[in-house]
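First listed ligand is number 1; within each ligand, the first listed atom is number 1. Hydrogens, waters and symmetry mates play no part in the numbers below; they use all other heavy atoms, side chains included. All of these numbers come straight from a predicted model, not from anything done at the bench.
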Amino acid sequence: MPEFTPVIEKDEIHRQISRIAKIISTDYKGRELVLIGVLKGAFIFLADLVRQLTLEKVMVDFLQASSYGADTVSSENIRLKKDIDVDIFGKDVLVVDDIVDTGLTMVHLVSHLERFSPSSIKVCTMIDKSERRKAAVHVDYACSTVKKGFLVGYGLDYAEYYRNMPGIYHLKL
Ligand code: IMP
Ligand code: MG
């Protein structure tokens, strides 16, 4: 039977999202921002974050990368499954992911997006998990930092399950 240990409660996640939404709204004040969510894990986080931004002009798009499959360890073989639709040339882009672990996915996605010549790219993640960091990725905005463990809930999955859990839990199989 899988065991779930609470790591971050739902209310705390919401407090942290409000906190970074204020910072992002200040940083991009008067500018147009394109949020690019990384499917599927970021869909809940992005939905909550975008509604707290006080910017007038915000676009939302998604891309999808795949590296885990039904495993808790990254295959380190990142594949782009879905590209963006919005034209980001000359735009300010914020990549929004659920969790940055090895950083390999984010580095891959950022270099992919750089090819479209946006005017800036920054990185926002719900959880910055530096335990297994392998790629030098600069995280500009993070809600929480978690040292280790495989996490589920609030968009994070294990083999596609548990994304709907309202808080974030450590999963022990
Ligand atoms: P990275 O390439 O190792 O940084 O991993 C990035 C992706 O792996 C994230 O966007 C997540 O979708 C997934 N991932 C990494 N750690 C976890 C975890 O603890 N739980 C669920 N998914 C994870
Ligand atoms: Mg992801």
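For D11, there are no salt bridge (Lys or Arg N to Asp or Glu O under 4.0 Å) partners two or more places apart in sequence or in a different chain.
Distances below 4.0 Å separate heavy atoms of T102 from the following atoms of ligand 1: 1 (P), 2 (O), 3 (O), 4 (O). Within the listing of ligand 1, atoms 18 (C), 19 (O), 20 (N), 21 (C) sit less than 4.0 angstrom from a heavy atom of L151.
For E131 and K148, the salt-bridge test fails: no basic side-chain N is under 4.0 Å from an acidic carboxylate O. The existence of a salt bridge linking K129 and D98 is excluded, since no basic side-chain nitrogen approaches an acidic carboxylate oxygen closer than 4.0 Å.
Side-chain heavy atoms closer than 4.5 Å link hydrophobic residues (I, L, V, M, F, W, Y) into clusters, and following such links, possibly through other members, connects M165 to L173.
Looking at V152 against ligand 1, nothing comes within 4.0 Å, counting heavy atoms. Proximity of L156 to ligand 1, defined as any heavy-atom pair under 4.0 Å, is confined to the side chain (atoms from C-beta onward). With a 4.0 Å cut-off on non-hydrogen atoms, D97 touches ligand 1 through its side chain and not its backbone. Residue K129 touches ligand 1 through its side chain alone, judged by heavy-atom distances below 4.0 Å.
Where the criterion is an N or O separation shorter than 3.5 Å, residue side chain and backbone included, I78 fails it with respect to ligand 1.
Heavy atoms from other residues, nucleotides or ligands lying under 6.0 Å from NZ of K22 number 12 at most.
Taking the six-membered ring wherever Trp is involved, the centroid distance between the rings of F62 and F43 does not fall below 6.0 Å.
The shortest separation from a heavy atom of D157 to ligand 1 is under 4.0 Å, placing the residue in contact. By the 4.0 Å heavy-atom criterion, R132 is excluded from the residues contacting ligand 1.
By heavy-atom distance, the residue among T125, T105, D98 lying nearest atom 10 (O) of ligand 1 is D98.
Summarising the geometry of F4 relative to P6, their closest heavy-atom pair is O-CD, 3.9 Å, with the distance given to 0.1 Å.
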